[in-house]
Amino acid sequence: MLDHLGDFKRDFFAGELTENNIGDEVRLLGWAESVRDHGGVIFINLRDREGVVQVVFDPSKSPKEEVEKAKKVRLEYVIGVFGRVERRPAGTENPKIPTGNIEVIGQKLLILNTCDILPFPIEDDISVNEEVRLKYRYLDIRRNKMFKNLLLRHEVYQKTREYLAGHGFLEVETPMLTKSTPEGARDFLVPSRLEKGKFYALPQSPQLFKQILMVGGIERYFQIVKCFRDEDLRKDRQPEFTQIDFEMSFVDEEDVMAISEGLIHYLWKEILGIELKLPFPRMTYKEAIEKYGTDKPDLRYGLELIDVSDIAKEVEFKVFKGAVESGGIVKGINIKGGAKLSRKEIDLLTEDAIRFGAKGMAWIKLEKEKATSPILKFFTDEQKEKLFNKMNAEDGDLLIFIADTYETTHRVLGFLRKIIAEKLNLIPKGQWKFTWVVDFPLVEWDEEENRLVALHHPFTSPKEEDLDRLDEAIADKNVALNFKSRAYDLVLNGEEIGGGSIRIHRPDIQKKIFEMLNISEEEAEEKFGFLIQALKYGAPPHGGLAFGLDRIVALMTDSDSIREVIAFPKTQKGNCPLTGAPDFVAQEQLDELGIEVEIPVNEEEG
RNA sequence: GGAGCCGUAGUUCAGCCUGGCCCAGAACGCUGGCCUGUCACGCCAGAGGUCGCGGGUUCGAAUCCCGUCGGCUCCGCCA
């Protein structure tokens, strides 16, 4: 028989009790974390949000019926305890818990609810199938680690608001039911009941609205906001995720980057107690690609890419020579101490390289004064020396090479660099390596669509010096391909945690950019007409940035996946094991929306 | 769209490669009993399994093969 809560109120959280409370009579509420029945004395560890304290039901100190009742308590029963705080008898202190010097002698026990057999233990270091954790997320969240993650996330919300509001930013909400925009990710669609056949889209970001808020004279806007993108999931990508989004008027890149750095500095200092050094270093997009093979370089380790095209083109090795002669490049990485890798491990790396799009991977192993390699026979002694010099190679190193186009070579080596660093444990713990990546190209060529596409998004401003060459760029895509944008990304430990740009605030320029991107005037009018319209009415110069809040919190909590810092995340197929979403809906609901569903039927069985 | 790893009591795993001493075993959890200072309490007894699902091979399948579903990681995708 369960007890009612009645007017029983909590005096203290369990974890708040200290030796100063000795002698106090207190009321506690929480969960039975562990129960130890010694036949006479019963110990219950009572846990609440703030910690744990041991409650003792002792026949010599507690009422008999309460001791009997305590015997019925099982793991995770919800209980209330009225009792007296006492110092633990000498020798029975437990240094493992903060309240280990005291205990509460139970005088009255309320059993408020029972608990079924747990699907997994409520402990910090569990290894449980993630699907089970998500199905019983409420139990998962009772674990200290998950609670701490959500607590830190909460602090990030609070400190972000504090900082941005303190710098004159106004929090403004933008719609969740909005217009589908082409360009960018796939939209989640929401059917309209009032206008059958029409759809809202969930926002991929508040991008256009925040620009329009600038036209509205808000001057400084921010929002902690959910964004939705219907693309495949990764450990750092969920279909719905949270951004710290902000936008400012009458600013240039430096202003936006300064505010961004200020916010990050504030979060690290206030929440982690870490004083980051400002300003963060910067590198150009070109430098990032050519040195690290990616636009989000992890600067915690070396393994930089080295261009050996000049040597490779002289070597009588068709793959190297051919790559350079057909306009490509040959680059390598010196894996210091990598000679200890076995042939099998090198073959695995080669497989990875091929998986990432290379045709193969050449390598040279320098071991005990001698080199093993399938390609070294093509090198003259002089070429060997030049190569080893250039790559700073010495005994014990492993050199790997990719020969391909500029893009493929960098991309593949970028992936390999990361894999090697992980494999060889070259990534130091506890480092915060921030870097800005700037001077992105404005556009890139899309083979599939056979047109230029914006690298950032179509509202990103080109550099001011290129503005009077827009007509040239429309006529000749090679001119456009050389344009740089006013975009900037903030990268931390190899993860993009934020990105933004100075936007286009003039309708004439915006129209030309659409033209450059081969978006017709009609299409632009239909899809972005409201933005162009807004720009016509005194739009101020403006720019901003959006941080990936989930990624930031994951990094701050040293979590492997953003799912660890989201209360109710989705699985890789976008399912929610807790609720069972997505799910079928009633026929009536579909009828009301004028929607007919075609369920794919499996082909007949053989 | 593609690749890899995984799926066996409530949970974590072993067994699988090399089919049969496995109508599947351990630990934790669970149930009952004993125990007055434990805190990973201890001791005794016990319950608990469609081996993800479907098909095939075989005298015989958790084990081999095919398909499928689900989870995770990655490529593509994510302006």
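Order of the sequence lines sets the chain letters (A, B, ...), proteins ahead of strands, with each chain counted from 1.
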**Study point:** Sugar-phosphate, base or nothing in reach of A:Lys418, heavy atoms under 4.0 Å
**Key:** nothing
Practice item. Could you state the atom-to-atom distance from NZ of A:Lys235 to P of B:G71 in whole Å? Key: 18 Å
Point to revise | Within-4.5 Å side-chain heavy-atom neighbours: A:Arg142 and A:Glu33 | key: no
Study note, to complete from the structure: The answer to which of A:Arg551 and A:Gly100 contacts RNA chain B further toward the 5' end, by nearest nucleotide, is A:Gly100
Review point. Atom NE2 of A:His457 to atom C1' of B:C78: distance rounded to whole Å?
Key: 15 Å
**Study point:** Nearest-neighbour nucleotide for the A:Val56 side chain, B:G37, B:G1, B:C39 considered
**Key:** B:G37
Study note, to complete from the structure: Per side chain to side chain contact (heavy atoms under 4.5 Å, CB included), A:Pro119 is matched among A:Leu139, A:Val128, A:Asp140 by A:Leu139
**Study point:** Side chain to side chain, A:Leu202 and A:Val190, heavy atoms closer than 4.5 Å
**Key:** yes
Practice item. For A:Glu33 and B:G29, give me the distance from atom CD to atom P, rounded to whole Å. Key: 14 Å
Point to revise | Complementary nucleotide of B:A45, counting Watson-Crick and G-U pairs under 3.5 Å | key: B:U31
**Study point:** Protein-to-nucleotide contact annotation, 5' to 3' order, nucleotides 11-17 of chain B [B base; S sugar-phosphate only; - none; under 4.0 Å, heavy atom]
**Key:** SS-----
Point to revise | Proximal nucleotide (of B:G71, B:G76, B:U38) relative to the A:Arg237 side chain | key: B:G76
Study note, to complete from the structure: Paired to B:A26 by Watson-Crick or G-U wobble criteria (both distances under 3.5 Å) is B:U12
Study note, to complete from the structure: Result for 5'-nearest mapping on RNA chain B, choosing between A:Arg411 and A:Asn94, is A:Asn94
Point to revise | Distance, rounded to the nearest Å, where A:Asn45 contributes CG and B:C41 contributes C1' | key: 12 Å
Check your understanding: Counting only N and O atoms by type, is there a donor-acceptor contact under 3.5 Å from the side chain of A:Arg143 to the main-chain atoms of A:Asp124?
Key -> yes
Review point. Taking the side chain as C-beta and beyond, is there a heavy-atom pair between A:Ile474 and A:Lys512 under 4.5 Å?
Key: yes
Practice item. Could you check A:Arg503, A:Lys484, A:Arg486 and say which one makes a salt bridge (Lys or Arg N to Asp or Glu O under 4.0 Å) with A:Glu253? Key: A:Arg486
Practice item. May I have the distance from A:Leu233 (atom CG) to B:C77 (atom P), rounded to whole angstrom? Key: 16 Å
Review point. What nucleotide, of B:C41, B:C75, B:C30, holds the atom closest to the side chain of A:Arg36?
Key: B:C41
Point to revise | Under 3.5 Å on both distances, the Watson-Crick or G-U partner of B:G76 | key: none
Exercise for review: Give the nucleotide from the list B:G29, B:G76, B:G70 with an atom nearest to the side chain of A:Asn575.
Suggested key: B:G70
Practice item. Scan A:Leu75 against the nucleic acid and name what it touches under 4.0 Å (heavy atoms): base, sugar-phosphate only, or nothing. Key: sugar-phosphate
Point to revise | Assigned partner base of B:U36, Watson-Crick or wobble definition, under 3.5 Å | key: none
Check your understanding: Which is true for A:Arg229 with a 4.0 Å heavy-atom rule: it touches a base, it touches only sugar-phosphate, or it touches nothing?
Key -> base
Give me the distances for all protein-to-nucleotides 31-36 of chain B N/O pairs that come in under 3.5 Å?
| from | atom 1 | to | atom 2 | distance (Å) |
| --- | --- | --- | --- | --- |
| B:U31 | OP1 | A:Arg74 | NE | 3.2 |
| B:C35 | N3 | A:Asp37 | O | 3.0 |
| B:C35 | N3 | A:Gly39 | N | 3.4 |
| B:C35 | N4 | A:Asp37 | O | 3.4 |
| B:C35 | N4 | A:Asp37 | OD1 | 3.4 |

Review point. Within this structure, what is the CD-to-P distance between A:Gln572 and B:C78, rounded to whole angstrom?
Key: 17 Å
Review point. Any side-chain donor-acceptor pair under 3.5 Å between A:Asn94 and A:Gln54?
Key: no
Exercise for review: Please state the C1' separation for the pair B:C5 and B:G10 - nearest whole angstrom.
Suggested key: 25 Å
Review point. Whole-Å distance between B:C72 P and A:Lys573 NZ?
Key: 9 Å
Check your understanding: Who is the Watson-Crick or G-U wobble partner of B:G7, with both distances under 3.5 Å?
Key -> B:C69
Review point. Rounded to whole angstrom units, what separation is found between the CZ atom of A:Arg234 and the P atom of B:A3?
Key: 15 Å
Review point. If the P atom of B:C28 is compared with that of B:C44, how far apart are they to the nearest Å?
Key: 12 Å
